[in-house]
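Positions are given from 1, in the same order as the sequence printed here. Worth saying up front: this structure is predicted, and the values here are computed from it rather than measured.
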Amino acid sequence: NITIILSLGIIFILLAGIIFGTTTWDVINNIVKVIMLFGVSILFFAISIFTNNKLKIEKTSFAFWILGVLFLPIILLAIGFFQLLGDYLSIYGEGRYIYGIISTIICLPFFLYSAKKYKNTYFIWVSLINTALLYNFILKSLNIENEIKIFMWTLYLGSISLIYTKIKKYETKYLIVIKTLKYYSLSILLLNMIGAFIYSFIFTLNYMYSYGIGVYIEGSFLILTFIALSILSVYWIQKYRWLNGIIIVINSRITLGIIFKMFGLTTNDILYYVLAGISLVAMFMSIFYYFNKSEKLSSLRNAALYTILFLMTYLALISFCNLQGLCPAILIYITIAMIVILAKDIINKSLSISLRCVALIILFFNNIYTLAYFNLLNDIFTFKEFH
């Protein structure tokens, strides 16, 4: 009965606030508005303490505490919106990121105390998001390039991983924190990867035909980001090892593409196909020999090898379309021979069959490519003796 009465009280308070805000809010001074918001927050905190200490109703106390805490960022947002600290420390001022840092620092102790007091996942999430906002405001205030920001976010994920490793030893004591931190880190990892892919694409477009120290600096940060993301993905994505294989190979290929752009290599250069082919062969050999007899990491191995085969097929097709000399063709023949030789030693039969099928497809296009290079084939659609 007490819980129902208090719940009705909350509804009446919110209704009273809506009526008050829609009728007299425009005529109230900005300072008075902030004071009233602050007063409402204090009221909710007081009711929460009263219901917990006197009435011993923990759930109702928790509900009022949430309302009180939620008003804190609203109060800080109102102060910045009404420019009570001047134009500089306002939402639209030049110091808006500095004000964001101050606001998140003020809120963080309340969120951490609430998480410790109630041991609730909600406040742990709010605390973690608050730290992410604080870190974001710090990066924004430094006014650095986007590629460096992505790298800094990867370092942030690395620091979270270290904290997770430390507190995981005390799993019984910090079980809720560990579970929340795991999903939070996976979210940050996913967002980092999306951001890194986007900025690598932008980097490729911006510096396709330009060179200089800026290209090398930004390209180096992107390369470090993809290497770090590959390592962190292995650490965090342990349940789905096949996903790790795909991520590592794709990150390696994108890293190689960034290196090519840094040194001015494009798909019109023979060296592009030679280096790309050699790198894929090296990846194939290393993954095959290192993981071939490991049943524990079979899903990672299979996914990595399938991804490499897809990239090999893609490389064969674009080299065939561009007809850039005989070197790529010879390299593809060597790759096909290597695939056929190694396929018989692969434990996974479906993967072995897939390897041979892909080898046949690549061989078909490569033969056309070679015939065209030696002028033995001009037009495959009109040449009657093609068969």
Side-chain angles (χ1 to χ4, degrees), residues 7 10 14 37 40-42 44-45 47-49 51-52 57-80 91 97 99-140 149-150 152-196 228-229 232-233 235-240 243:
S7 301
I10 293 174
L14 292 175
L37 288 172
V40 172
S41 179
I42 294 295
F44 283 131
F45 279 128
I47 296 173
S48 175
I49 294 170
T51 53
N52 185 52
I57 310 173
E58 293 184 2
K59 291 184 178 180
T60 307
S61 173
F62 176 69
F64 278 112
W65 188 271
I66 290 177
L67 291 172
V69 171
L70 285 177
F71 265 87
L72 290 176
I74 295 173
I75 292 167
L76 293 168
L77 186 65
I79 292 172
I91 293 176
Y97 299 128
Y99 182 71
I101 294 171
I102 296 170
S103 300
T104 48
I105 289 175
I106 292 172
C107 289
L108 187 58
F110 289 93
F111 296 151
L112 292 175
Y113 174 77
S114 301
K116 183 179 179 181
K117 181 180 179 180
Y118 289 100
K119 295 179 176 58
N120 187 271
T121 307
Y122 166 79
F123 281 117
I124 298 173
W125 270 105
V126 171
S127 301
L128 291 172
I129 293 171
N130 188 81
T131 56
L133 288 173
L134 173 61
Y135 191 74
N136 181 62
F137 287 134
I138 293 172
L139 294 180
K140 290 283 188 181
K149 287 179 183 177
I150 291 294
M152 296 300 291
W153 274 108
T154 308
L155 292 181
Y156 171 80
L157 179 59
S159 63
I160 294 294
S161 303
L162 288 175
I163 295 171
Y164 178 83
T165 305
K166 292 292 183 181
I167 66 173
K168 196 176 180 182
K169 299 176 183 177
Y170 311 98
E171 188 170 354
T172 54
K173 186 177 181 181
Y174 301 107
L175 183 60
I176 299 176
V177 178
I178 290 171
K179 287 183 177 180
T180 308
L181 203 60
K182 181 179 180 180
Y183 290 110
Y184 174 77
S185 300
L186 287 172
S187 303
I188 296 294
L189 177 65
L190 178 62
L191 292 173
N192 269 12
M193 285 184 177
I194 294 172
L229 286 175
L232 290 169
S233 68
Y235 179 80
W236 285 108
I237 309 175
Q238 296 180 358
K239 187 176 180 180
Y240 304 100
L243 188 57

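- The structure places CD1 of Ile150 at 10.0 Å from CG of Leu139, a figure rounded to the nearest 0.5 Å.
- Taking both residues in full, the closest heavy atoms of Lys116 and Lys119 are given as O-NZ, 3.5 Å, listed atom of the first, atom of the second, then distance.
- Of all the heavy atoms in Leu108 and Ser127, the pair that sits closest is CD1-O, 4.0 Å.
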Evaluate side chain to side chain contact (heavy atoms under 4.5 Å, CB included) for Ile167 paired with Val177, printing each intermediate quantity in order.
CA-CA 9 Å; Ile167 66 173; Val177 178; 3.9 Å; yes

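- Annotation for Leu189 and Ser233: closest pair CD2-CA, 3.9 Å, computed over non-hydrogen atoms.
- Looking at residues two or more places apart in sequence or on another chain, you find a ring-ring contact (aromatic ring centres under 6.0 Å, His included) between Phe62 and Tyr118, Phe123.
- Remark: Ser185 engages no residue in a side chain to side chain donor-acceptor pair (under 3.5 Å) (not counting sequence neighbours).
- Just one residue in the list Val69, Leu70, Leu67 forms a side-chain contact (heavy atoms from CB on, under 4.5 Å) with Phe44, and that residue is Leu67.
- When atom types are taken as modelled, the side chain of Asn192 and the backbone of Leu229 share no donor-acceptor pair closer than 3.5 angstrom.
- For the atom pair CG (Asn130) and CD1 (Ile105), the distance works out to 9.5 Å, reported to the nearest 0.5 Å.
- For the atom pair Met193 CE and Leu232 CG, the distance stands at 8.0 Å (nearest 0.5 Å).
- Taking both residues in full, the closest heavy atoms of Tyr99 and Ile79 are given as OH-CB, 3.3 Å, listed atom of the first, atom of the second, then distance.
- The minimum heavy-atom distance linking Ile129 with Tyr184 is given by the pair N-CE1, 4.3 Å.
- Using cut-offs of 30° and 60° for the angle between ring planes, the Tyr235 and Tyr164 rings count as perpendicular.
- You'll find the ring centres of Phe45 and Trp65 inside the 6.0 Å limit.
- Counting only heavy atoms from C-beta outward, the side chains of Thr104 and Leu76 never approach each other to under 4.5 Å.
- The CH2 atom of Trp236 sits 8.5 Å away from the CD1 atom of Ile160 when rounded to the nearest 0.5 Å.
- Annotation for Lys117: atom NZ counts as buried by contact number, over 12 foreign heavy atoms lying within 6.0 Å.
- At distances below 3.5 Å, not a single donor-acceptor pair connects side-chain atoms of Ser41 with backbone N or O atoms of Leu37.
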Would Trp153 and Asn136 count as a side chain to side chain contact (heavy atoms under 4.5 Å, CB included) if you check the C-alpha gap in whole Å, the side-chain angles of each, and the deciding distance to 0.1 Å?
CA-CA 9 Å; Trp153 274 108; Asn136 181 62; 3.8 Å; yes

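- Between Tyr122 and Trp125, the distance from one ring center to the other does not fall under 6.0 angstrom.
- Here the closest non-hydrogen pair linking Ser61 and Asn52 is OG-CB, 3.2 Å.
- To the nearest 0.5 Å, the span separating CD1 on Ile163 from CD1 on Ile178 amounts to 12.5 Å.
- Shown here is Phe110, whose CZ atom has no more than 12 heavy atoms of other residues, nucleotides or ligands within 6.0 Å.
- A distance of 14.0 Å separates OH in Tyr97 from OG in Ser103, rounded to the nearest 0.5 Å.
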Given Leu186 and Ile237, is the side chain to side chain contact (heavy atoms under 4.5 Å, CB included) satisfied, shown in steps?
CA-CA 8 Å; Leu186 287 172; Ile237 309 175; 4.2 Å; yes

